[in-house]
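Let me begin by presenting the structure, written as structure tokens, before commenting on it.
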There are 4 protein chains.
Amino acid sequence: MPRPSVEAERREQILSAACEVVSELGFKSLRIADVARRAGTSSGTVHYYFDTKTALMRAAFEWNFARSLDRRRDLLQEHADPRQRLRAFVDSYLPGDPETVRAWHVWAELWVEALHDRDLQELNEQVYGEWRRLMASIVRDGQDAGLFRDEDPVVVANALIGMIDGLALQVLLGSRSMTLERMRAVCEQVLSSLTVGSSA
Amino acid sequence: MPRPSVEAERREQILSAACEVVSELGFKSLRIADVARRAGTSSGTVHYYFDTKTALMRAAFEWNFARSLDRRRDLLQEHADPRQRLRAFVDSYLPGDPETVRAWHVWAELWVEALHDRDLQELNEQVYGEWRRLMASIVRDGQDAGLFRDEDPVVVANALIGMIDGLALQVLLGSRSMTLERMRAVCEQVLSSLTVGSSA
Amino acid sequence: MPRPSVEAERREQILSAACEVVSELGFKSLRIADVARRAGTSSGTVHYYFDTKTALMRAAFEWNFARSLDRRRDLLQEHADPRQRLRAFVDSYLPGDPETVRAWHVWAELWVEALHDRDLQELNEQVYGEWRRLMASIVRDGQDAGLFRDEDPVVVANALIGMIDGLALQVLLGSRSMTLERMRAVCEQVLSSLTVGSSA
Amino acid sequence: MPRPSVEAERREQILSAACEVVSELGFKSLRIADVARRAGTSSGTVHYYFDTKTALMRAAFEWNFARSLDRRRDLLQEHADPRQRLRAFVDSYLPGDPETVRAWHVWAELWVEALHDRDLQELNEQVYGEWRRLMASIVRDGQDAGLFRDEDPVVVANALIGMIDGLALQVLLGSRSMTLERMRAVCEQVLSSLTVGSSA
DNA sequence: GATGAATGAGAGTTCATTCAT
DNA sequence: CATGAATGAACTCTCATTCAT
């Protein structure tokens, strides 16, 4: 009589551990044994749930993304004003708290892994699409309310997302010139310039 | 009678080969033997020039950056108008021709490698600083000429650079939603909005 | 209310499955999990009936032999003429029908396994002894009836059995030079030469 | 300046070691590390010469066969009388001296491995063909000289070879009923019966 | 300067076996 | 009786690194 929850729980433990290890050591240096130890289990068990290291990493990337979405789901309901909604949304991507930093690390590893892996590119495509859709939708709401300049929302979303990716990477790299605070400031500035009537 | 240039030439061959292999296979999958074969030499010789794989990669990253700068040196002299200069500069980073694509690949691998390597972070810091300085300088020239809006040039440079990094990554990932052409369009739009008197 | 036969039935299922898997994949590649799946049960259950993989294989070898004997028991009663009896007996060992082929496969795996296992050698000794006894007995019957040449029956039996083993192996190996038909022809020829008055 | 002989010598050492280990432990239990230790080298070196365990085993089987042929090459020149030539040839296959026993062991492992491997079946086909050709040729010489009965030489060769295979296997299995001496006796008897004018 | 044979530490993966349920 | 999740020992294979030539 296997309890149905046991397998799901174990899976989560392992995926969470995998993300932690990727974040700390990087994909390249990740060993199955590390993930196992972190998850409090054996390497055999990791292989019981995931056939190969590649399969484990793919699942971990997906899990990392699903968690990211979950963390932001409520956020979008909290602010009626599109300006505040956009600000909060962008803000949630600043690599400040450890959980967000970890998610960014995993995401960065995915990128580079995906450069040579068609399947992961597809995953990136889906995630990025979801992200762009959310962002563009907020921009559109703001424009409908006459709050944002009348530019193509998709172009604006792409520009913002690209910028966030690029800046976050520099923050993660510990750049002295692009700290968390600088990134926040740059984002503020750019968001302001979207607003109708802004001088900049 | 070994000419002194022999060693320098060999070094270049190896570094070039290393960048090619990184670009094609990724850092993780790169083997010294691959680099040797690509460079038309033996793994023993690669080790003769570079003590360790890490040393080789570090040198390759630096070489990749130096070449990038070289390729753009003339560019900045060609355009008297800061608007055209900025446009040409940004344009030169679009991952279009094979050489630029390869350089971006190498750069992306460096980023992720640097996430867990202090020395590479320092390299990133220098390169990124150089890039930001060039970009900010053009912006400043434009402002002095009354052509660009009066925002903090460093902030503008950071925003642009971040955006270019993020968008280029998506193009490299073969995104159907962020193709080379889309990236070009987004960049055009953003550059336009910098110009004084632009409606957007 | 488990019927006492349940265990016996399960045992048979597992042994039969083990023989099938050995025949298809070979001893080396046989996994307990394969046998379990083939028997429609779990690996845990296989271990419930057989402590170790070795024990399972030993039992499977014995089961395979017992079945072989069963299949030939009636055969020997059917022919009053020793010549026909011998012919039918030899014929029954030709690797023609799937069941016989499977039995040969299992037997071949036993041989090689037994090369490094004293216990399996003992099993081979018993089985081979039984086989030789039956064969020699038929030969003796034929000689008593004045139908076969007057050679040492044990030597004749050994020669025949050796030949059958060796030829069957080649047939099993899919030899183009030693097909089932060729083997049948060679056996016919040799059996003929045993008969008194044969020209060959 | 690599000496050309180094690689060939090393290869031989490894193949010889592989045959020894196969003979002692069997294919199933053979570990690369065992072969390496036996060859006085490291497992890495074994893999330097043979990509995979499978490749190593295939090469070992071929090497074993080539050596077997070499050992018998002179034998066939030594006896002008086909009866003595056939006797000496058959005799050379009796698993008496350690070298022949080892060769038989390797051969037996090949058989069973080949049951599930098309490539090895092809190797068996070639070797067996060579063997049958030699044997049939001697028989034909004997018939031409009026020394052997007038049976189809190929059938005779097949019968003899099958018998030798089957009997050798039993001797290798340490059968108390089929010792080396018994096998020799059976072979003598059968060879005698081929001779014209033999009473049996 | 250059080579490539040789090494051996290290990692992924397999699978018989165990045991709580 | 039966299950299958979990284990971990064992093995193949990889590859940076070394060094004799």
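Quick note on labels: first sequence line is chain A, next is B, and so on, each numbered from 1. Predicted, not measured: the structure shown is a model, and the values here were computed from it.
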Under 3.5 Å: donor-acceptor pair, side chain of A/His105, backbone of A/Gly26: no
C/Arg10 or B/Thr52, whichever maps to the more 5' nucleotide of DNA chain F: C/Arg10
Side chain to side chain, A/Phe27 and A/Phe61, heavy atoms closer than 4.5 Å: yes
Positions of residues 21-32 of chain C (non-hydrogen atom under 4.0 Å from DNA chain E), listed by number: C/Leu30, C/Arg31, C/Ile32
Consecutive Watson-Crick or G-U pairs in runs of at least 3, all under 3.5 Å, in which DNA chain E is involved: E:2-21 with F:2-21
For residues 13-22 of chain C, which side-chain donor-acceptor pairs fall under 3.5 Å, sequence neighbours excluded?
residue, atom, partner, partner atom, Å
C/Gln13, OE1, C/Arg10, NE, 3.2
C/Glu20, OE1, C/Arg38, NH1, 2.9

Residues from residues 36-50 of chain B lying under 4.0 Å of DNA chain E - heavy atoms: B/Thr41, B/Ser42, B/Gly44, B/Thr45, B/Tyr48, B/Tyr49
Which atom pairs, donor and acceptor, lie under 3.5 Å between side-chain atoms of residues 48-59 of chain C and protein residues at least two apart or in another chain?
residue, atom, partner, partner atom, Å
C/Thr52, OG1, C/Thr54, N, 3.4
C/Thr52, OG1, C/Ala55, N, 3.1
C/Lys53, NZ, C/Leu30, O, 2.9

d(CD, C/Glu9; C1', F/dC1) in whole Å: 14 Å
Pairwise side-chain contact, C/Glu9 with C/Glu12, heavy-atom cut-off 4.5 Å (strictly under): no
Distance-minimising heavy-atom pair for B/Ala114 and B/Leu120: CB-CB, 3.6 Å
All side chain to side chain donor-acceptor pair (under 3.5 Å) counterparts of D/Arg31, not counting sequence neighbours: D/Asp34
Test side chain to side chain contact (heavy atoms under 4.5 Å, CB included) applied to C/Gln126 and C/Glu122, step by step: CA-CA 6 Å; C/Gln126 290 167 23; C/Glu122 199 47 48; 4.1 Å; yes
Mutual orientation of the aromatic rings belonging to B/Trp107 and B/Phe65 [parallel < 30°, tilted 30-60°, perpendicular > 60°]: tilted
Nearest-angstrom distance from the residue atom NZ of A/Lys53 to P of F/dC13: 19 Å
Atom-pair distance (CG on D/Asp34; P on F/dA10), nearest Å: 13 Å
Any B/Pro98 side-chain heavy atom under 4.5 Å of B/Val101 side chain: no
Distance, rounded to the nearest Å, where D/Leu56 contributes CG and F/dC11 contributes P: 16 Å
Length of the CG-P vector between D/Asp51 and F/dC15, whole Å: 12 Å
Residue pair A/Lys28 / B/Val112, side-chain heavy-atom distance below 4.5 Å: no
